[in-house]
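To start, the structure itself, in structure tokens.
The chain is numbered in sequence order, starting from 1.
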Amino acid sequence: MANPKNQGRLAQDMKREVIGIISQMKDPRLEGGLLTVTRLDVTPDLDVAKVYISVMGKPEGAQEAVKALNRASGHVRTEISRRMHIRKSPRFVFAQDDGAAYAAHINQVLADLNKGEE
């Protein structure tokens with residue numbers, strides 16, 4: 001078990017590497033929108049890493065990207081192990097993060113309310 005400080009640093013390093021790996025992937029489902037890795041959580045035993053992604057500018061883009069990334073999770077795991085020189089790389093699970101889309105929706109609602117008051 002890693003201490004929380006080291007685990008946080010490991011998660012940040014892993015997130016940076018995952019971003020690099022995803023940017024080099026040639027899957028058409030990952031193109032056509034702004035794909036962002038918003039967060040990466042690693043279990044204390046380093047067994048599972050949950051990666052949250054957001055896709056802006058492409059309707060239904062996040063669902064397709066999550067499917068593609070989950071199918072390529074073995075590749076991501078192998079690359080992380082190779083790039084970070086760690087013996088046991090976690091199993092990667094990709095999930096949609098709707099936080100950015102929700103924030104954009106709230107901003108639009110607030111802007112519409114402000115227009116109504118004027």
Using a 3.5 Å distance criterion without hydrogens, assess whether the side chain of [X] forms a donor-acceptor pair with backbone atoms of [Y].
{"X": "Q96", "Y": "V66", "value": "no"}
{"X": "S81", "Y": "S89", "value": "no"}
{"X": "T43", "Y": "V48", "value": "yes"}

To the nearest 0.5 Å, tell me how far [X] [atom1] sits from [Y] [atom2].
{"X": "I21", "Y": "R83", "atom1": "CD1", "atom2": "CZ", "result": "4.5 Å"}
{"X": "I19", "Y": "I53", "atom1": "CD1", "atom2": "CD1", "result": "11.5 Å"}
{"X": "L40", "Y": "F92", "atom1": "CG", "atom2": "CZ", "result": "6.5 Å"}
{"X": "M84", "Y": "R82", "atom1": "CE", "atom2": "CZ", "result": "13.0 Å"}
{"X": "R77", "Y": "K88", "atom1": "CZ", "atom2": "NZ", "result": "6.5 Å"}
{"X": "E64", "Y": "L30", "atom1": "CD", "atom2": "CG", "result": "10.0 Å"}

**OP:** Indicate if I86 and V93 have the same hydrophobic cluster label, given that clusters are the connected sets of ILVMFWY residues with side-chain heavy-atom separations under 4.5 angstrom.
**Re:**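 Unlinked, I86 and V93 end up in two clusters.
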Less than 4.5 Å apart, any side-chain heavy atom of [X] and any of [Y]?
{"X": "L46", "Y": "L10", "result": "yes"}
{"X": "M25", "Y": "L69", "result": "yes"}
{"X": "E17", "Y": "M14", "result": "no"}

Subject >> Closest contact, heavy atoms only, N70 versus F94 >> reply: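 For N70 versus F94, the nearest heavy atoms are OD1-N, 2.8 Å.
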**OP:** Give the intermediate values and the outcome of side chain to side chain contact (heavy atoms under 4.5 Å, CB included) for residues M56 and T36.
**Re:** CA-CA 8 Å; M56 299 289 284; T36 307; 5.7 Å; no
